[in-house]
Engineer: 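First, the structure itself, so that you have it in front of you.
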Amino acid sequence: MKRNNQTLNSSEKLRTEKPSKLLWNLSIPTMVGLFVMALFNVVDIFFISYAEGVDAVAGLTVAFPVMMIVMTLSSAVGIGTASIISRRLGEKRDEDANMVFGTFIFLILIISFISLILGIFLLEDILLLFGATENIMDYAYDYMLPILLGFLFIGFSMATNSLLRSEGNSTFAMKATIIPAIINLILDPIFIFDFGLGLGVLGVGIATIVSQGIVSVFIFLYYYKGKSTLSFQFRNVRFRVSVAKEITTIGFPAL
């Protein structure tokens, strides 16, 4: 896969540029991205509080930890993978970095599949465990249903954010955080309120998955079209015990 020279230069800067300049250039986009990410759920609560009231907000609050579990698992895999890939690229072992990337994709697929299966059979029990009561269960369930079906998008976008920074492209990582937040901000009122589709809490979940799905396609094309230092190859997407063990060892403290 032909790679973009600008992306290769971003990776090369990790080897050659002054640490103080790198720290500034990489940290600011990361801070902006994390700030926008923190606002994502605040926007959901803001709109749903006007549309549905206090019980609906309580339903979302109970559902958020369930979603956070999957996000945390994916982020831990991303952090572990980013550490390994950074070292492989620093050693100019690009092919090894691509194999680690393939194992990363496999692990995200497994996490998403297991989350989907557990959610299908245990979602109501899980929501009860996190404090859902009779008057808010329907709201929590409606929110989590589309989230459940789109766990792959959420996990992939969360995990790859660390990978993008690992190759020195924190600006793209920032864009991959801001884009779904903007899309979600636009879609929320359309899906929630009566002047749009009038789906209420269900609309919040759908807006979240649509926004994460769009940015996931955006990120996938970034890798698939050779714009990254890494290259996506289907033959590399498989489980490697040694790589998975190393990813887990590094990512577990973050988890």
Side-chain angles (χ1 to χ4, degrees), residues 1-4 7-16 22 26 30 33-34 37 67-119 150-170 172-173 176-177 212 215-255:
M1 186 75 66
K2 187 178 180 181
R3 296 177 191 169
N4 184 289
T7 304
L8 290 174
N9 290 337
S10 296
S11 182
E12 187 63 29
K13 286 178 182 178
L14 294 176
R15 304 188 185 102
T16 59
L22 273 177
L26 296 178
T30 302
L34 291 173
M37 189 183 300
M67 184 171 66
M68 285 298 296
I69 291 173
V70 180
M71 293 171 65
T72 304
L73 285 170
S74 301
S75 294
V77 171
I79 290 168
T81 305
S83 173
I84 301 170
I85 285 177
S86 290
R87 285 180 278 127
R88 297 292 191 274
L89 293 176
E91 296 162 355
K92 299 187 177 181
R93 296 164 57 188
D94 289 6
E95 188 56 39
D96 286 346
N98 286 326
M99 287 193 292
V100 173
F101 182 55
T103 302
F104 158 81
I105 295 293
F106 185 89
L107 290 175
I108 293 299
L109 289 172
I110 290 298
I111 290 172
S112 302
F113 178 74
I114 293 174
S115 301
L116 174 61
I117 296 302
L118 289 176
F151 268 152
L152 175 61
F153 299 135
I154 295 175
F156 181 74
S157 61
M158 285 291 298
T160 50
N161 207 268
S162 297
L163 268 65
L164 292 167
R165 293 196 297 269
S166 75
E167 60 176 297
N169 204 342
S170 58
F172 188 88
T177 306
Q212 293 294 339
V215 80
S216 293
V217 172
F218 185 54
I219 295 170
F220 177 79
L221 291 175
Y222 168 80
Y223 288 114
Y224 187 73
K225 291 188 174 182
K227 296 181 179 180
S228 169
T229 307
L230 303 169
S231 61
F232 179 82
Q233 300 171 6
F234 286 101
R235 60 183 174 84
N236 281 334
V237 182
R238 60 188 178 88
F239 186 75
R240 297 173 180 86
V241 176
S242 59
V243 175
K245 183 177 180 181
E246 191 174 0
I247 290 173
T248 305
T249 302
I250 299 168
F252 185 77
L255 174 66

Engineer: Do Leu116 and Ser112 come close enough that some side-chain heavy atom pair is under 4.5 Å?
Structural biologist: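 Side-chain contact under 4.5 Å: no.
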
Engineer: Please name the pair of heavy atoms, one in Ile247 and one in Val77, separated by the smallest distance, quoted to 0.1 Å.
Structural biologist: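 Shortest heavy-atom contact: CG2-O, 3.7 Å.
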
Engineer: For Ala176 and Ile219, work out which heavy atoms get closest and say how close.
Structural biologist: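 Closest approach of Ala176 to Ile219, heavy atoms only: CB-CD1, 4.0 Å.
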
Engineer: May I ask you to check whether Phe156 and Phe220 place their ring centres under 6.0 Å from each other?
Structural biologist: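 They do not qualify: ring centres at least 6.0 Å apart.
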
Engineer: Between Ile84 and Ile250, does the side chain to side chain contact (heavy atoms under 4.5 Å, CB included) criterion hold? Intermediate values first, please.
Structural biologist: CA-CA 9 Å; Ile84 301 170; Ile250 299 168; 3.9 Å; yes

Engineer: Can you tell me how far apart CE (Met158) and CG (Leu73) are? Round to the nearest 0.5 Å.
Structural biologist: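 One finds 11.0 Å between CE of Met158 and CG of Leu73.
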
Engineer: So, for Ala82 and Leu163, which heavy atoms are closest and what is the spacing to 0.1 Å?
Structural biologist: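 Minimum heavy-atom contact is N-CD1, 4.0 Å.
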
Engineer: Working note: Phe239 + Leu107, criterion side chain to side chain contact (heavy atoms under 4.5 Å, CB included); need CA distance, chi angles, decisive distance, verdict.
Structural biologist: CA-CA 7 Å; Phe239 186 75; Leu107 290 175; 4.0 Å; yes

Engineer: For a side chain to side chain contact (heavy atoms under 4.5 Å, CB included) check, start with the C-alpha distance between Asn236 and Glu95, then their side-chain angles and the critical distance, and finish with the verdict.
Structural biologist: CA-CA 10 Å; Asn236 281 334; Glu95 188 56 39; 4.2 Å; yes

Engineer: Tell me every residue that passes side-chain hydrogen bond (donor to acceptor under 3.5 Å, both in side chains) with Ser74, counting only those two or more places apart in sequence or in another chain.
Structural biologist: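 In terms of side-chain hydrogen bond (donor to acceptor under 3.5 Å, both in side chains), with neighbours along the sequence ignored, Ser74 is linked to no residue.
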
Engineer: Determine, step by step, whether Phe104 and Val243 satisfy the side chain to side chain contact (heavy atoms under 4.5 Å, CB included) criterion, reporting the C-alpha distance in whole Å, the side-chain angles of both residues, the deciding distance to 0.1 Å, and the verdict.
Structural biologist: CA-CA 9 Å; Phe104 158 81; Val243 175; over 6 Å; no

Engineer: So, do Arg235 and Asn98 sit near enough that their side-chain heavy atoms are less than 4.5 Å apart?
Structural biologist: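 A side-chain contact under 4.5 Å is absent here.
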
Engineer: What's the separation between atom CZ in Phe113 and atom CG in Leu118, rounded to the nearest 0.5 Å?
Structural biologist: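 Going from CZ on Phe113 over to CG on Leu118, the span is 10.0 Å.
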
Engineer: Where does the angle between the aromatic ring planes of Phe234 and Phe232 fall among parallel (under 30°), tilted (30 to 60°) and perpendicular (over 60°)?
Structural biologist: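 Taking Phe232 first and then Phe234, their aromatic rings stand perpendicular (interplane angle over 60°).
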
Engineer: Mind checking the CZ-CD1 spacing from Arg165 to Ile85? Nearest 0.5 Å is all I need.
Structural biologist: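 Going from the CZ atom of Arg165 to the CD1 atom of Ile85 covers 13.0 Å.
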
Engineer: Who are the side-chain hydrogen bond (donor to acceptor under 3.5 Å, both in side chains) partners of Arg238, not counting sequence neighbours?
Structural biologist: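 In terms of side-chain hydrogen bond (donor to acceptor under 3.5 Å, both in side chains), with neighbours along the sequence ignored, Arg238 is linked to no residue.
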
Engineer: With rounding to the nearest 0.5 Å, note down the distance linking CD1 in Ile154 to CE in Met68.
Structural biologist: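 Taking CD1 in Ile154 and CE in Met68, the distance rounds to 11.0 Å.
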
Engineer: Quick check for you: to the nearest 0.5 Å, what is the distance between Phe151 atom CZ and Ile69 atom CD1?
Structural biologist: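 One gets 8.5 Å once the value is rounded to the nearest 0.5 Å.
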
Engineer: Over 60° means perpendicular and under 30° means parallel, so tell me whether Phe172 and Tyr222 are parallel, tilted or perpendicular.
Structural biologist: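 Phe172 vs Tyr222 ring planes: parallel.
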
Engineer: Closest heavy-atom contact between Ser115 and Val70?
Structural biologist: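 Reported closest heavy-atom pair: OG-CG2, 3.5 Å.
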
Engineer: Taking all non-hydrogen atoms of both residues into account, name the closest pair between Met99 and Arg240 and its distance.
Structural biologist: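 Here Met99 and Arg240 meet closest at O-NH1, 2.9 Å.
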
Engineer: Is a side-chain donor or acceptor of Ser83 paired with a backbone partner of Ile79 at a separation under 3.5 angstrom?
Structural biologist: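 A pair under 3.5 Å: no.
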
Engineer: Quick check for you: to the nearest 0.5 Å, what is the distance between Ile108 atom CD1 and Leu152 atom CG?
Structural biologist: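 Here the interatomic distance stands at 8.5 Å.
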
Engineer: Which heavy atom of Ala244 sits nearest a heavy atom of Thr103, and at what distance?
Structural biologist: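 Closest pair (atom of Ala244, atom of Thr103, distance): N-CG2, 4.3 Å.
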
